[in-house]
Amino acid sequence: MPPPPPPGGSNPSVGGTSKRKKPPNAAGEKQDVGWLHCTVYDAVSNKTQCNYCQKVVPCGIYRMKHHLAGTGYHVQPCVSVPDDVQQQMWNNVNNLQSNLITKRGMAVADQNVLEIDDA
């Protein structure tokens, strides 16, 4: 006699569908604005190709956005990107860096509070 089905629906491991959330940049789920300006060149090695200069960039969308923004951060800047796209990528990269600095600052501030409370 087979075991009873789990509460709340069918068993996803037996022909059902899983309700797991996919990462935002998983295959078929490309939501980052940078994907509008490049394509996947090699998914296995995480390489992307610029739609403007055809340069192949390693390390995924993060580095491609730096390529398009012209920051020169671990990648050669794109010389063919339109000005509006370059500005959009610059703003995007700048916001990501600002958020990272803020998060790190909060973590340091939280750590300092803990150290003061422990004293």
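Rounding to the nearest 0.5 Å gives a distance of 8.0 Å between CG of Asn51 and CE of Met64. Rounded to the nearest 0.5 Å, atoms CG (Asn94) and CG (Asn99) are 9.5 Å apart.
With sequence neighbours left out, Val40 forms a side-chain contact (heavy atoms from CB on, under 4.5 Å) with Lys30, Trp35, Ala43. For Pro77, the side-chain contact (heavy atoms from CB on, under 4.5 Å) test picks out no residue, with sequence neighbours left out.
Taking each heavy atom of Cys38 and Thr48 in turn, the nearest pair found is SG-CB, 4.2 Å. Taking both residues in full, the closest heavy atoms of Tyr52 and Cys78 are given as CB-SG, 4.1 Å, listed atom of the first, atom of the second, then distance.
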Quick one, Cys50 with Val57, criterion side-chain contact (heavy atoms from CB on, under 4.5 Å). Give me CA distance, side-chain angles, the key distance, then yes/no. CA-CA 8 Å; Cys50 178; Val57 176; 5.7 Å; no
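A 4.5 Å side-chain heavy-atom check between Val81 and Cys53 finds every atom pair outside the cut-off.
Each side chain to side chain donor-acceptor pair (under 3.5 Å) pair with one or both residues in residues 76-87, not counting sequence neighbours, appears once here: Gln87-Asn91. Among residue pairs with one or both ends in residues 33-60, none qualify as salt bridge (charged side-chain N to carboxylate O under 4.0 Å, His left out); sequence neighbours excluded. Applying the side chain to side chain donor-acceptor pair (under 3.5 Å) test to pairs two or more places apart or on separate chains, those with a residue in residues 61-74 are Asp32-Lys65, Tyr62-His66, Tyr62-Gln97, Lys65-Asn92, His66-Thr71.
Clustering of Ile, Leu, Val, Met, Phe, Trp and Tyr side chains at separations under 4.5 Å places Val56 together with Tyr41.
Follow the hydrophobic side-chain contacts under 4.5 Å out from Val75 and you reach Val33 in the same cluster. Both Ile61 and Met89 are part of a single hydrophobic cluster, where members link through side-chain heavy atoms under 4.5 Å apart. In the hydrophobic clustering of this structure, Val85 groups with Leu36; members are Ile, Leu, Val, Met, Phe, Trp, Tyr whose side-chain heavy atoms approach within less than 4.5 Å, directly or through other members.
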